[in-house]
Every structure is written in C-alpha cells, then in structure tokens.
Amino acid sequence: MKENSIFVSLITGKGQRSCDITLHHFEMEALFDSISIGSPDRNTKAESMTELMSKYIIQPAEMVYVGDEFSDITACSKVGIQCLSAAWIASLSKMKKLEKENQGYVFSSIKSLHSFLKKEAHLV
C-alpha cells in the first residue's frame with residue numbers, strides 16, 4: 001500500500017510495550033505512517049480513528065480498517081469507516097459470526113484481502 005502512496009496507520013488495543021514487542025518480532029517497525037495504541041481502561045479505537053481523520057483530513061469513505069475482532073466492527077460503525085475482517089486464523093464458528101456481522105467483508109486469507117484492497121484502491 002505504501003508503495004502506492006497510501007497512508008498506512010496502525011490502531012491497536014495493545015499498550016505501548018506489547019505493541020513494540022509485536023512490531024519488533026514481525027519486523028514491522030517501519031511499515032506504518034502512524035501508530036495509535038490502546039488504553040487499559042476501555043476500547044479507544046473509534047476515538048483513535050476520529051483523531052486520525054481529523055489530523056490528516058481524511059473522510060470515513062477514504063478509509064478502511066482491518067481488524068480481527070467483533071469490537072473492530074463496532075468501532076468502525078461508530079465513525080462510519082468500513083471494517084474489513086481478517087479471519088485467516090479464526091475458528092469456523094468465529095468466521096461465521098464475523099460474516100453475519102460484517103457480511104461481504106470477511107477475508108479468510110491474506111491473499112483475498114490483498115486482492116480486495118488492490119481492486120478497491122484501483123491499484124490493479
């Protein structure tokens with residue numbers, strides 16, 4: 001995405017230390033233009049999305065969020081952003097529940113998500 005000048009941000013529920021460990025483990029430290037970490041008290045993803053839109057003057061229709069939990073769908077819905085559900089490590093029952101909540105936007109593989117993003121961003 002970044003090769004095509006698409007802004008890539010990480011909004012996570014993890015705390016700073018946990019986020020740093022994960023990024024380091026997967027050698028992903030340089031992949032994101034911005035990173036917003038979570039709060040130990042409550043889910044702040046919708047607030048982080050709103051702050052991101054405000055800071056970079058982005059409209060909800062210009063964004064997508066890739067998440068793997070039902071709470072991601074809820075957070076995106078609050079601010080009008082399309083949630084793409086990453087379900088390649090989800091159990092079959094969780095995948096079915098995600099599909100019920102986010103019909104047409106559940107991806108069972110990284111390849112299928114990548115293909116969708118390329119098509120939607122007109123990068124083909």
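Atoms considered below: every heavy atom in the structure, side chains included; atoms not considered: hydrogens, waters and symmetry mates. Here the structure is a predicted model, which is why all the values come from computation and not from measurement.
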> Judged by modelled atom types alone, do Lys14 and Thr22 share a side-chain donor-acceptor pair under 3.5 Å?
Replying inline: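 There is such a pair between these side chains.
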> Between the side chains of Asn102 and Ser85, is a donor N or O closer than 3.5 angstrom to an acceptor N or O?
Replying inline: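 Present: a donor and an acceptor within the cut-off.
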>> Apply side chain to side chain contact (heavy atoms under 4.5 Å, CB included) to residues Leu10 and Leu23 and explain how you reach the verdict.
In response: CA-CA 10 Å; Leu10 173 65; Leu23 290 174; 4.1 Å; yes
>> Checking Lys100 against Lys96 for the side chain to side chain contact (heavy atoms under 4.5 Å, CB included) test, could you report, in this order, the C-alpha distance in whole Å, the side-chain angles of both residues, the deciding distance, and whether it holds?
In response: CA-CA 6 Å; Lys100 183 179 178 184; Lys96 286 181 180 181; over 6 Å; no
Nearest-0.5 Å distance that lies between atom [atom1] in [X] and atom [atom2] in [Y]:
X: Met53; Y: Gln59; atom1: CE; atom2: CD; answer: 8.0 Å
X: Asn43; Y: Lys78; atom1: CG; atom2: NZ; answer: 7.0 Å
X: Cys83; Y: Glu101; atom1: SG; atom2: CD; answer: 11.0 Å
X: Tyr65; Y: Ser9; atom1: OH; atom2: OG; answer: 9.0 Å
X: Phe107; Y: Met95; atom1: CZ; atom2: CE; answer: 11.5 Å
X: Ser77; Y: Asp72; atom1: OG; atom2: CG; answer: 12.5 Å

> For the residue pair Thr12 and Cys19, what are the closest heavy atoms and their distance?
Replying inline: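 Shortest heavy-atom separation between Thr12 and Cys19 comes out as CG2-SG, 4.1 Å.
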With clusters defined by side-chain heavy atoms of hydrophobic residues (ILVMFWY) lying less than 4.5 Å apart, directly or transitively, does [Y] cluster with [X]?
X: Val106; Y: Val66; answer: no
X: Met28; Y: Ile89; answer: yes
X: Ile11; Y: Phe70; answer: no
X: Met49; Y: Val64; answer: no
X: Ile57; Y: Val79; answer: no

> Please walk me through it: do Glu47 and Arg42 pass salt bridge (Lys or Arg N to Asp or Glu O under 4.0 Å)?
Replying inline: CA-CA 11 Å; Glu47 292 170 30; Arg42 60 188 172 76; 2.5 Å; yes
Between [Y] and [X], is there a side-chain heavy-atom distance shorter than 4.5 Å?
X: Leu98; Y: Ile73; answer: yes
X: Ser36; Y: Glu51; answer: no
X: Leu31; Y: Val8; answer: no
X: Lys94; Y: Glu69; answer: yes

> What is the ring orientation for Tyr56 with Phe7, classed by angle as parallel under 30°, tilted 30 to 60°, or perpendicular over 60°?
Replying inline: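 If you compare the ring of Tyr56 with that of Phe7, the planes turn out tilted.
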> What pairs with Glu29 under side chain to side chain donor-acceptor pair (under 3.5 Å), at least two apart in sequence or on another chain?
Replying inline: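 By the side chain to side chain donor-acceptor pair (under 3.5 Å) rule, Glu29 matches His24.
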> Short question: side chain of Ser115, backbone of Ser112 - any donor-acceptor pair under 3.5 Å?
Replying inline: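 Between the backbone of Ser112 and the side chain of Ser115 there is no qualifying donor-acceptor contact (under 3.5 Å).
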>> Would the distance check show the side chain of Asp68 and the main-chain N or O of Ala87 forming a donor-acceptor pair, the cut-off being under 3.5 Å?
In response: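 A pair under 3.5 Å: no.
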